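Bear in mind the structure is a predicted one, so any value in this text is a computation, not a measurement. All values below come from the heavy atoms of this structure, side chains included, with hydrogens, waters and symmetry mates left out.
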Amino acid sequence: MNIDNQLLDDLLRKAEENPRLRINLDLRTSPNDNSQRMLNALLPGTQVAIHRHPKSTEDVFLLKGRIDEIIFNDAGEEIERHTLCPANGAYGCEIPLGAWHSIEVYEPSVIFEAKDCRYGEDGSEFFPI
């Protein structure tokens, strides 16, 4: 598989068809791969709840579009914001282990994200509302 504009555009078209306005593509290469590696196509208006991964950092690289990765403290207050935009030379960031975070999407975007542990085994939890 090539990760190119055609693949990214195809993912964004699929995201348009999804009520959540996003879709992901699993990039693990075998059932024994204990990581999370995926492309995530995101459209403006998608809602990503504040969440964290207590057992893993999260590496995020923006391949296309413009987003903000937002870090929150334990009170739910914004403490850090990373604007990612490849056109401006801002390609990615690392979300620290256990940090509460979310995302704002400003234009159709595709990120590559990687975490330790399989989905559901990384201790992920949502911020209490």
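- The local environment of CZ in R81 is crowded, with over 12 non-hydrogen atoms from other residues, nucleotides or ligands closer than 6.0 Å.
- Ring-plane geometry between W100 and F127 is classed as perpendicular, the angle between the planes exceeding 60 degrees on a 0 to 90 degree scale with a lower cut at 30.
- Side-chain contact between I95 and C93: present, with at least one pair of heavy atoms (C-beta onward) separated by less than 4.5 Å.
- Ion pairing between D9 and K64 holds under the 4.0 Å rule for side-chain N and carboxylate O.
- A single hydrophobic cluster is not seen to contain both M1 and I111; linkage of ILVMFWY side chains at heavy-atom distances under 4.5 Å, directly or through other members, places them apart.
- Partner H101 forms a side chain to side chain donor-acceptor pair (under 3.5 Å) with one of R52, E69, E58 and no other, that one being E58.
- The closest donor-acceptor contact from the side chain of D26 to the backbone of R28 lies under 3.5 Å.
- Within the 4.5 Å cutoff, the side chain of L42 has heavy atoms near those of the I103 side chain.
- A pairwise comparison of heavy atoms in P44 and P108 identifies CD-N, 3.8 Å as the closest pair.
- A single hydrophobic cluster is not seen to contain both V60 and F112; linkage of ILVMFWY side chains at heavy-atom distances under 4.5 Å, directly or through other members, places them apart.
- Look at E16 and K14 and you find no salt bridge, because none of the NZ, NE, NH1 or NH2 atoms lies under 4.0 Å from a carboxylate O.
- Put simply, the side chain of P54 does not reach to within 4.5 Å of the side chain of L97, judged on heavy atoms.
- Between L8 atom CG and S109 atom OG the span is 10.5 Å, to the nearest 0.5 Å.
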### Query
Going through the checks in order, is the side-chain hydrogen bond (donor to acceptor under 3.5 Å, both in side chains) test met by S30 and N32?
CA-CA 5 Å; S30 82; N32 298 323; 4.5 Å; no
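- The CZ atom of F72 sits 5.0 Å away from atom CD1 of I70, with the distance rounded to the nearest 0.5 Å.
- In the hydrophobic clustering of this structure, V110 groups with F61; members are Ile, Leu, Val, Met, Phe, Trp, Tyr whose side-chain heavy atoms approach within less than 4.5 Å, directly or through other members.
- Hydrophobic cluster membership differs between L43 and Y106, with clusters built from Ile, Leu, Val, Met, Phe, Trp and Tyr side chains linked at under 4.5 angstrom.
- How far OG1 of T46 is from CG of N40: 8.0 Å, rounded to the nearest 0.5 Å.
- Across all non-hydrogen atoms, the minimal contact from P86 to G65 is CD-O, 3.4 Å.
- Considering CZ of R66 and CG of L84, their distance stands at 11.0 Å, rounded to 0.5 Å.
- Across all non-hydrogen atoms, the minimal contact from I71 to A99 is CG2-CB, 4.1 Å.
- Considering CG of D10 and CD1 of I23, their distance stands at 11.5 Å, rounded to 0.5 Å.
- Side-chain contact check for L27 versus L39: some heavy-atom pair is nearer than 4.5 Å.
- Taking each heavy atom of A41 and A15 in turn, the nearest pair found is O-CB, 4.0 Å.
- Side-chain contact between L63 and I3 is present, with heavy atoms from C-beta onward closer than 4.5 Å.
- Expressed to the nearest 0.5 Å, how far CG of D74 lies from CD1 of I79 amounts to 8.5 Å.
- Note: the hydrophobic cluster containing V105 does not contain M38 (ILVMFWY, side chain heavy atoms under 4.5 Å, direct or indirect links).
- You'll find the side chain of H53 stays beyond 4.5 Å of the side chain of K55, heavy atoms only.
- Under the 3.5 Å distance criterion, the side-chain polar atoms of S35 are left unmatched by any main-chain donor or acceptor of K115.
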